[in-house]
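Scroll down for the structure; my scribbles are underneath it.
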Amino acid sequence: MSRFLARGIDFGTVRTEFHLPEGYPPAAVAQARAASDRYASEREDRTDLAFVTIDPPDSLDLDQALHLERTPDGFVLHYAIADVGAVVEPGGVLDVETRKRGQTFYLPDGKVPLHPQELSEGSASLLPDEDRPAVVWRIELDESAEPVSCTVSRATVRSVARLDYAGVQADAEAGRLHPSIASLPEFGRLRTAAAVARGAIELRLPEQEVVPDGDGWRVDLAPRTEADDWNAEVSLLTGMCAAAMMLDAKVGLLRTLPPAGPDAVEALRRTASALGIDWPESVGVGELLARLDPNSASTLVLMTEAPSLLRGADYAAFDGALPELTTHAAIGAPYAHVTAPLRRLSDRYSTEVCLAVTAGMPVPSWAREALGSMPEIMVGSDSLASKIDRACIDLTEATVLADRVGETFDATVLRSRNGKRTADVFVPSVSVMAKCVGDPAEGEQVKIRLVSADVAKRTVEFGYPA
């Protein structure tokens, strides 16, 4: 890998371009340091539950901790979420600053946090061996891992172990999972099967990431294990339960996505046919994608085309009348964000709605009044996060390849743009996805030549034939 190493990259140029704040306002930091639990006297003590967290190894902003029990009738899931609503004063300078940011922005050399680190990686984070204020979801499930009942309440919790995805995967394969998640593989597989049955669409595209390598950087493909998928199912289930609560109460905030139009599905069918992928009329998109061999070049090509089905993601705030669209097509059900309040602003408000609904109490006015502003804030911050991520990858790709212009590379053709004599290609030796001038056929393994790599413009272009 060191052969394709980029040194001297300044990601500060990306921060400057997107006007990301440097540091945190002192007054907001002071509030974070002085934050106390406004609901301390109302909490149930659930330190009897051996919660564990599963996050990337270097993460300290731990939003979620889980405890999953297998019962004779199914499962009982306890999911503890950092109680940010209890430690951020509504209308205070810290609250105002978080509304400006919307979410945590991640760059290869550091992050721009939603909350000061004193809070997000300190007093509010579900770090191991610390009593923490949390919002605890209790979800009972049947033998098929379908929810039977769901409640949410404030509690004090204590995580007993800080785990990571690779470690959980290794423990699962070795048969030595932590007792608190011993049934997670069974739960995860049942929930994945249920997702396919709902018509959910799971895109297993290789995700690029910029990673440190000695004194430089390289572009890599983010590894994804079964453990990632199992853990994701816990969060998805909780978000679906939250959405159901809010819809019943006719107040809340949903994450929505319209269903794919027939033209988009038909275009994907044509691509599948051209790649020789058998797609019976009776098989839905999600079921087809779940069946495909993840290591096949044709799967990579089809997965690259599939995002055309998932356009129009939005947030829908409502109070009284339900929104016109209440479902998330990729999940196959109504869905809400409630599981990452340290890193995503909207979760704090959605969580307060669910707490009030469960308790049979009015939604706090500070949360109810903020719901209407959340879609604009979150759509804007989501868009900004995507642009930042792409800019960092593009900058690293161009820097890695800057001194290799004229060389030949092996590539997979992801998409041919008919009539424009260009294609999108994936170059596995450097984990680069880029534009290629020429007309190679989709799914082909080809040799291409690097034509240009412009660091200033953050662009890379290949040519075919080599």
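Along the sequence shown, the residues carry numbers beginning at 1.
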Would you call Lys435 and Asp424 a salt bridge, taking side-chain N to carboxylate O under 4.0 Å as the test? no
Is the shortest side-chain heavy-atom distance between Leu247 and Leu254 below 4.5 Å? yes
For the residue pair Val135 and Cys354, establish whether any side-chain heavy-atom pair is separated by less than 4.5 Å. no
Pair Arg15 + Glu22: basic N to acidic O under 4.0 Å: no
Minimum heavy-atom distance Thr71-Phe75, with the two atoms named: OG1-N, 3.7 Å
Without swapping roles, check the side chain of Thr271 against the backbone of Ala267 for a donor-acceptor pair under 3.5 Å. yes
Quick check against the 3.5 Å criterion: does Arg162 have a side-chain atom that pairs as donor or acceptor with the backbone of Pro57? yes
Would you call Glu143 and Arg70 a salt bridge, using N to O less than 4.0 angstrom? yes
Hey, could you give me the CG/CD distance between Asp83 and Glu352, rounded to the nearest 0.5 Å? 6.5 Å
Non-hydrogen atoms of Tyr335 and Met240 that approach each other most closely: CD1-N, 3.9 Å
Side chain to side chain, Pro341 and Asp63, heavy atoms closer than 4.5 Å: yes
As an exercise, state the distance from CD1 of Ile81 to CG of Leu126, rounded to the nearest 0.5 Å. 7.5 Å
Is a side-chain donor or acceptor of Arg255 paired with a backbone partner of Asp314 at a separation under 3.5 angstrom? yes
Mind listing the closest non-hydrogen atom pair of Glu397 and Ser431 along with its distance? OE2-O, 4.2 Å
Could you please spell out the steps behind the side chain to side chain contact (heavy atoms under 4.5 Å, CB included) verdict for Leu395 and Val210? CA-CA 10 Å; Leu395 175 59; Val210 178; over 6 Å; no
Given 3.5 Å as the limit, does a donor-acceptor pair link the side chain of Tyr24 with the main chain of Leu114, or not? yes
Looking only at heavy atoms, what is the nearest atom pair of Glu121 and Leu127, with distance? O-CD1, 3.5 Å
Approximate separation, where rounding is to 0.5 Å, of Arg458 CZ and Asp394 CG: 6.5 Å
Within the structure provided, determine whether Trp279 and Ser273 are in side-chain contact (heavy-atom separation under 4.5 Å). no
Note: Asp37-Arg43 ion pair, threshold 4.0 Å (strictly below): yes
Flag yes if more than 12 heavy atoms outside Glu17 fall under 6.0 Å of its CD atom; otherwise flag no. yes
Is a side-chain N or O of Asp229 found less than 3.5 angstrom from the main chain of Glu226, in a donor-acceptor match? no
Could you please spell out the steps behind the side chain to side chain contact (heavy atoms under 4.5 Å, CB included) verdict for Leu68 and Val234? CA-CA 10 Å; Leu68 183 63; Val234 176; 5.8 Å; no
Using modelled atom types only, decide if a donor and an acceptor are shared between the side chain of Arg191 and the backbone of Ala145 within a distance under 3.5 Å. yes
Straight-line distance of Leu66 CG to Ile54 CD1, nearest 0.5 Å: 5.0 Å
Between Ser125 and Leu60 (side chain of the first, backbone of the second, donor and acceptor by atom type, cut-off under 3.5 Å), is there such a pair? yes
In sequence, state the C-alpha distance, the side-chain angles, and the governing distance for Asp228 and Thr225, and then conclude on side chain to side chain donor-acceptor pair (under 3.5 Å). CA-CA 5 Å; Asp228 290 77; Thr225 65; 2.6 Å; yes
Ring-face cation contact, Phe51 with Arg46, 6.0 Å cut, 45° max: no
For the side chain of Ser416 and the backbone of Pro440, is there at least one donor-acceptor N/O pair under 3.5 Å apart? yes
Distance check, rounded to the nearest 0.5 Å: Ile277 atom CD1 versus Ser298 atom OG? 4.0 Å
Would Thr339 and Tyr79 count as a side chain to side chain contact (heavy atoms under 4.5 Å, CB included) here? Give the steps. CA-CA 9 Å; Thr339 62; Tyr79 202 30; 3.8 Å; yes
Is any NZ, NE, NH1 or NH2 atom of the basic residue among Glu118 and Arg33 found under 4.0 Å from an Asp or Glu carboxylate oxygen of the other? yes
Are Val301 and Arg415 close enough that some pair of their side-chain heavy atoms sits under 4.5 Å apart? no
Polar side-chain atom of Thr396 near backbone of Cys392 as donor-acceptor pair, under 3.5 Å: yes
Can you confirm whether Val427 sits close enough to Leu450 that some side-chain heavy atom of one is under 4.5 Å from a side-chain heavy atom of the other? no
What is the distance from atom CD of Glu233 to atom OG1 of Thr192, rounded to the nearest 0.5 Å? 4.0 Å
Taking the side chain as everything from C-beta on, heavy atoms only, tell me whether Asp109 gets closer than 4.5 Å to Trp217. yes
Between Asp382 and Gln103, is the side chain to side chain donor-acceptor pair (under 3.5 Å) condition met? List the steps. CA-CA 8 Å; Asp382 284 345; Gln103 63 185 276; 2.8 Å; yes
Given Tyr315 and Met374, is the side chain to side chain contact (heavy atoms under 4.5 Å, CB included) satisfied, shown in steps? CA-CA 8 Å; Tyr315 294 81; Met374 285 299 109; over 6 Å; no
Ile388 and Tyr106: which non-hydrogen atoms are nearest, and at how many Å? CG2-O, 4.1 Å
Exercise: identify the closest heavy-atom pair between Ile448 and Cys436: CG2-SG, 3.9 Å
Hey, are Arg291 and Glu202 close enough for a salt bridge, meaning a charged N less than 4.0 Å from a carboxylate O? no
Between Phe105 and Val14, is any pair of side-chain heavy atoms under 4.5 Å apart? no
His115 side chain to Leu342 backbone, donor-acceptor under 3.5 Å: yes
